[in-house]
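Notes follow the structure.
Below, all heavy atoms of this structure are taken into account, side chains as well, without hydrogens, waters or symmetry copies. For this chain, numbers begin at 1 and follow the sequence in order.
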Amino acid sequence: MRNLIIGAGVAFLAAGAAWAHHEGDTFPVGDLVVSHAWTYETAEAGHATKVYLTIQNSGDTADRLLRASVDFAPTVVMQAQAIDAEGTLAVQDLTAIRIEPGQVLTLQPGAIWLELEGVQQAFYDGAFFHMDLTFETAGAVEIDVGVNKADDHEGEPAS
């Protein structure tokens, strides 16, 4: 049941590319293109931050995002909101994120994201940082993640 709920959420996100409204670099890797990578600016005392991005699969087979890493946080966890067994909205850690053939999957607030844990620095509007992504078939790619003011994403689902 849990996988069904997450699967429904991922299918919903396939249409979410319209919400990804940041211009920016694209990062091709195999049949995939990663784009629109961003995070909110954070306070000095923040110890975690979420990263959002879009992955387009123009290939004929599915691929999976297996891991992500940055040099300033010891752990990056793939997370999604899901309905638990008691019917409560909860955050669930994912082992991978599947991108179907022809799918445009947008990681966005309130749905699916990459959680950087153990962060010991602040992020300021206009800055960027590098993140490494590893896909099962396409392989590894380094992307740039832009930092935006919180009000740059008004109207998007809350996380």
Side-chain angles (χ1 to χ4, degrees), residues 2-29 31-43 46-59 62-70 73 75-84 88-117 119 123-136 138 141-159:
R2 182 174 79 183
N3 290 338
L4 177 64
I5 293 168
I6 291 173
V10 169
F12 167 75
L13 293 176
W19 286 345
H21 55 269
H22 285 273
E23 298 303 321
D25 293 331
T26 59
F27 304 92
V29 57
D31 289 331
L32 306 176
V33 175
V34 180
S35 62
H36 304 103
W38 63 277
T39 189
Y40 291 120
E41 63 184 348
T42 61
H47 295 285
T49 191
K50 295 175 172 83
V51 171
Y52 310 100
L53 51 86
T54 298
I55 306 167
Q56 179 175 356
N57 184 350
S58 61
D63 206 338
R64 296 184 321 145
L65 176 62
L66 300 177
R67 70 191 145 270
S69 64
V70 294
T75 307
V76 178
V77 180
M78 295 176 277
Q79 294 185 321
Q81 286 190 343
I83 306 298
D84 67 16
T88 304
L89 186 61
V91 173
Q92 177 181 15
D93 291 352
L94 306 174
T95 57
I97 298 173
R98 185 176 176 93
I99 308 96
E100 296 294 336
Q103 183 179 23
V104 176
L105 178 65
T106 300
L107 282 63
Q108 60 192 0
I112 299 177
W113 61 89
L114 304 174
E115 181 85 16
L116 283 58
E117 297 178 344
V119 175
F123 299 103
Y124 300 100
D125 181 43
F128 75 94
F129 57 85
H130 300 292
M131 173 178 270
D132 295 315
L133 303 176
T134 303
F135 294 92
E136 184 173 49
V141 63
E142 181 180 83
I143 66 168
D144 294 334
V145 178
V147 180
N148 301 308
K149 291 191 297 192
D151 62 354
D152 284 350
H153 295 276
E154 287 183 30
E156 290 188 357
S159 57

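Each of F128, Y40, F129 was evaluated against F123; a single residue qualifies, F129, per the ring-ring contact (aromatic ring centres under 6.0 Å, His included) test. A side-chain contact (heavy atoms from CB on, under 4.5 Å) with F27 is found for exactly one of I55, I143, V33, namely I143.
Atom-to-atom distance recorded for T95:OG1 and M78:CE is 6.5 Å, nearest 0.5 angstrom. With rounding to the nearest 0.5 angstrom, the CZ atom of R64 is 12.0 Å from the CZ atom of F135. Between the OG1 atom of T42 and the CG atom of D125 there is a distance of 11.5 Å, given to the nearest 0.5 Å. With rounding to the nearest 0.5 angstrom, the OG atom of S69 is 8.5 Å from the CZ atom of R67. Taking CG of D144 as the start and OG of S35 as the end, the distance is 12.5 Å to the nearest 0.5 Å. Atoms CD and CD, from E115 and Q79 in turn, are 4.5 Å apart once rounded to the nearest 0.5 Å.
Closest of all the heavy-atom pairs between V77 and T75 is CG2-CG2, 3.6 Å. Residue L114 comes nearest to M131 through the heavy atom pair CD1-SD, 3.8 Å, listed as atom of the first residue, atom of the second, then distance. P101 and G59 get closest at one heavy-atom pair: CB-O, 3.4 Å. Between A90 and D84, the shortest heavy-atom contact is CB-OD2, 4.2 Å. Summarising the geometry of V141 relative to P28, their closest heavy-atom pair is CG2-O, 4.1 Å, with the distance given to 0.1 Å. In plain terms, the two heavy atoms of K50 and T39 that are nearest each other are O-OG1, 2.6 Å.
Side-chain N or O atoms of T54 include none that pairs as donor or acceptor with a backbone N or O of H36 at under 3.5 Å. Side-chain N or O atoms of D63 include one that pairs as donor or acceptor with a backbone N or O of E136 at under 3.5 Å.
Within the 4.5 Å cutoff, no side-chain heavy atoms of Y124 are placed close to those of K149. Side-chain atoms of L105 and L107, non-hydrogen and from C-beta on, do get closer than 4.5 Å to each other. Put simply, the side chain of L133 reaches to within 4.5 Å of the side chain of V34, judged on heavy atoms.
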Would D132 and V70 satisfy side chain to side chain contact (heavy atoms under 4.5 Å, CB included), going step by step from the backbone distance to the final call?
CA-CA 6 Å; D132 295 315; V70 294; over 6 Å; no
How far apart are the C-alpha atoms of I83 and T88, what are their side-chain angles, what is the distance that settles it, and do they pass the side chain to side chain contact (heavy atoms under 4.5 Å, CB included) test?
CA-CA 5 Å; I83 306 298; T88 304; over 6 Å; no
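Side chains of N57 and Q103: no donor on one and acceptor on the other come within 3.5 Å.
Ring orientation note: the planes of Y52 and W38 are tilted relative to one another, at an angle of 30° to 60°.
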